[in-house]
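Protein chains get the first letters and strands the later ones, always in sequence-line order, with residue 1 at the start of each.
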2 protein chains.
Amino acid sequence: MAGELEIDIDRSSPVPLYHQVAQAFEQAIREGALAPETKLDNEIDLAKRYHVSRPTLRQAMDKLVRDGLVVRRRGVGTQVIGPRVRRSLKLSSLYNDLQESGAQPRTSVLTLETVTAEDEVRDRLGLAPGTEVYHLRRLRSIDGQCLGIMENYLPLSVGTLTGAALERDGLYNVMRRQGSDFQMAHQTVGATVATAAQADLLGISPGSPLVTVQRTALDSAGTAIEFGDHVYRADLYSYETTLMNH
Amino acid sequence: MAGELEIDIDRSSPVPLYHQVAQAFEQAIREGALAPETKLDNEIDLAKRYHVSRPTLRQAMDKLVRDGLVVRRRGVGTQVIGPRVRRSLKLSSLYNDLQESGAQPRTSVLTLETVTAEDEVRDRLGLAPGTEVYHLRRLRSIDGQCLGIMENYLPLSVGTLTGAALERDGLYNVMRRQGSDFQMAHQTVGATVATAAQADLLGISPGSPLVTVQRTALDSAGTAIEFGDHVYRADLYSYETTLMNH
DNA sequence: AAGTGGTCTAGACCACTGT
DNA sequence: CAGTGGTCTAGACCACTTG
């Protein structure tokens, strides 16, 4: 019932207050310091305790709700959600993929060239006919096991790409360093079966199931900066999400 | 450049103001009344025009950003995002599935029984060993084509389920009518290939690719009220999402 | 320097839940 | 009924981008 929690709020930090508060709660929940089913104190008391205004504290709670760590009910209160539904079923998450792309264990570049964009690629990236784009094919592996084949198309305006930089830092880190910071991405996840060529690269049998991911990434101006068409071994990869009703 | 937009705000409506504003903008964008790349007026002017406070207007804009309709940049402004990245690639979306579950064209119930929950199901639903649960198998089709096989497990406490009600109204509508309103769901999307039995039901060849979806749905108290294990034809089904960087 | 969105405050009233 | 989260206001200051 308590929900006591010591938080060091650094008001001189550039990190927003609501973010500091949300992060402290998230850490406490993930570490188990706040057990599932625990009822937190009400918003007004929490705001007083951490010396922030109620709207600021609410902003933090909104974040926890969106991240699926906590449930709020009007007239009742705020409760920590059980860990059962937070547990992962399989391996890596596509979301982490996006945010920590460079941190993945191992990526080898198979192809790095510039080509004239085909229609679908042109359309996705919003380019004029005949425009040249980067075409990139990479093999991602984890603990020596091949996980998937990643194919990317990027406008030349993202800067200079080299195989060495890509293998060392990952695509998104290379792009960020050159000033292309992505803001959002649209994705389509589906399924297919491995062709002979794919099976050969991945070390599996033809006809094995593959998870397909198509992604269009946009920068903060809403301009498309990358189109990706990826396949992953279904036995090593799945895509996880949390859906909210509001 | 204008971004003018007539909105009827009904202050006596139970619908929150920020929701009314956001919905008006969303409709205008989807209908094309606000063209892509259009720059909206600044927050303060918009707040004045619609006679709401700036925080309320910001709450509406936050929603548009989360839904991927609009991009904001500090010091620059707010822009409508191009439709290119909003376009669907394939058929139905799992998100709509959740929110409009009863509205799907056709669902036939193959199995409706109560069984003793297996370990995985018990774990997902947070039930004690030996507990009885509903076991439900349905075939979903669209325009006479079989789309997928849906298998669900539910605690008996959700109420009475009948095949007729399920086929007429859909699972979530039946549950809602009996007081089980879901708040959030965790999902895992992956791939597999059709077994002979699955292929037979779906009218495809064994070995064809299938999209797999496992879903645990929670009510507003954080209690698990449904576990679903579904497969869909990969040529008719894919899963779409928008990822935000923050 | 001017204009934008990002953050924050200190209140207020309401709708809903439990007793 | 008292307590909770949900909504809303009218300001304020700051960080960032653009000219």
Side-chain angles (χ1 to χ4, degrees), chain A residues 1 3 9-23 25 38-66 70-81 179 181 183 219-223 244-246, chain B residues 1 3 9-23 25 38-66 69-81 179 181 183 219-222 244-246:
Chain A
M1 200 69 73
I9 300 290
D10 178 3
R11 300 191 78 90
S12 68
S13 160
V15 177
L17 296 186
Y18 73 87
H19 195 273
Q20 293 185 43
V21 174
Q23 202 159 321
F25 273 94
T38 306
K39 195 173 156 204
L40 302 186
D41 289 344
N42 70 58
E43 296 179 343
I44 297 176
D45 289 349
L46 288 176
K48 267 187 213 143
R49 183 177 317 154
Y50 303 126
H51 306 103
V52 299
S53 69
R54 190 185 162 207
T56 299
L57 187 107
R58 274 185 65 78
Q59 208 172 345
M61 289 300 165
D62 284 344
K63 188 164 158 36
L64 295 179
V65 169
R66 277 198 307 276
V70 126
V71 174
R72 283 186 293 182
R73 278 183 293 168
R74 170 149 49 180
V76 178
T78 305
Q79 270 189 327
V80 177
I81 291 192
D181 224 343
Q183 170 82 7
D219 66 14
S220 56
T223 308
M244 304 300 305
N245 197 6
H246 293 301
Chain B
M1 207 64 70
I9 299 290
D10 178 3
R11 300 190 79 90
S12 67
S13 160
V15 177
L17 294 185
Y18 72 87
H19 196 273
Q20 292 184 43
V21 174
Q23 201 159 321
F25 273 94
T38 305
K39 196 174 156 203
L40 301 186
D41 288 344
N42 70 58
E43 297 179 344
I44 297 178
D45 288 350
L46 288 176
K48 267 188 213 143
R49 183 177 317 155
Y50 303 127
H51 307 103
V52 298
S53 68
R54 190 185 162 205
T56 300
L57 188 107
R58 273 185 66 77
Q59 208 173 345
M61 289 300 165
D62 284 344
K63 187 163 158 38
L64 295 178
V65 169
R66 278 199 305 275
L69 295 166
V70 126
V71 174
R72 282 186 295 183
R73 277 182 294 168
R74 167 147 53 177
V76 179
T78 305
Q79 270 190 329
V80 177
I81 291 191
D181 223 343
Q183 170 83 8
D219 66 14
S220 56
M244 303 301 305
N245 197 5
H246 294 299

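- In terms of the side chain to side chain contact (heavy atoms under 4.5 Å, CB included) criterion, residue partners of B/V76 (sequence neighbours excluded) are, by chain and number, B/R73.
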In a table with atom names and distances, give each donor-acceptor pair under 3.5 Å that connects a side chain of residues 16-23 of chain A to protein atoms at least two apart or in another chain.
residue	atom	partner	partner atom	Å
A/H19	ND1	A/Q23	OE1	3.1
A/Q20	OE1	A/D10	N	2.9
A/Q20	NE2	A/D10	O	3.0
A/Q20	NE2	A/V15	O	2.9

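- Here the closest non-hydrogen pair linking B/D41 and B/L46 is O-CD1, 3.3 Å.
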**Message:** One character per nucleotide, please: for nucleotides 4-14 of chain C, 5' to 3', B when the base has a protein heavy atom closer than 4.0 Å, S when only the sugar-phosphate does, - otherwise.
**Reply:** BBBBSBB-B--

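- Residues passing the side chain to side chain donor-acceptor pair (under 3.5 Å) test with A/E43, sequence neighbours excluded: A/R54, A/R58, A/R72.
- Residues meeting the side chain to side chain contact (heavy atoms under 4.5 Å, CB included) test with A/R66, sequence neighbours left out: A/D62, A/K63, B/R66.
- Secondary-structure stems of DNA chain D, taken as three or more successive Watson-Crick or G-U wobble pairs (i with j, i+1 with j-1) under a 3.5 Å distance threshold, comprise C:1-17 with D:2-18.
- Taking the side chain to side chain donor-acceptor pair (under 3.5 Å) definition, one finds that A/T56 meets it with A/S53, sequence neighbours left out.
- Separation of atoms CG (A/D45) and CG (A/L40) is listed at 11.5 Å; rounding is to 0.5 Å.
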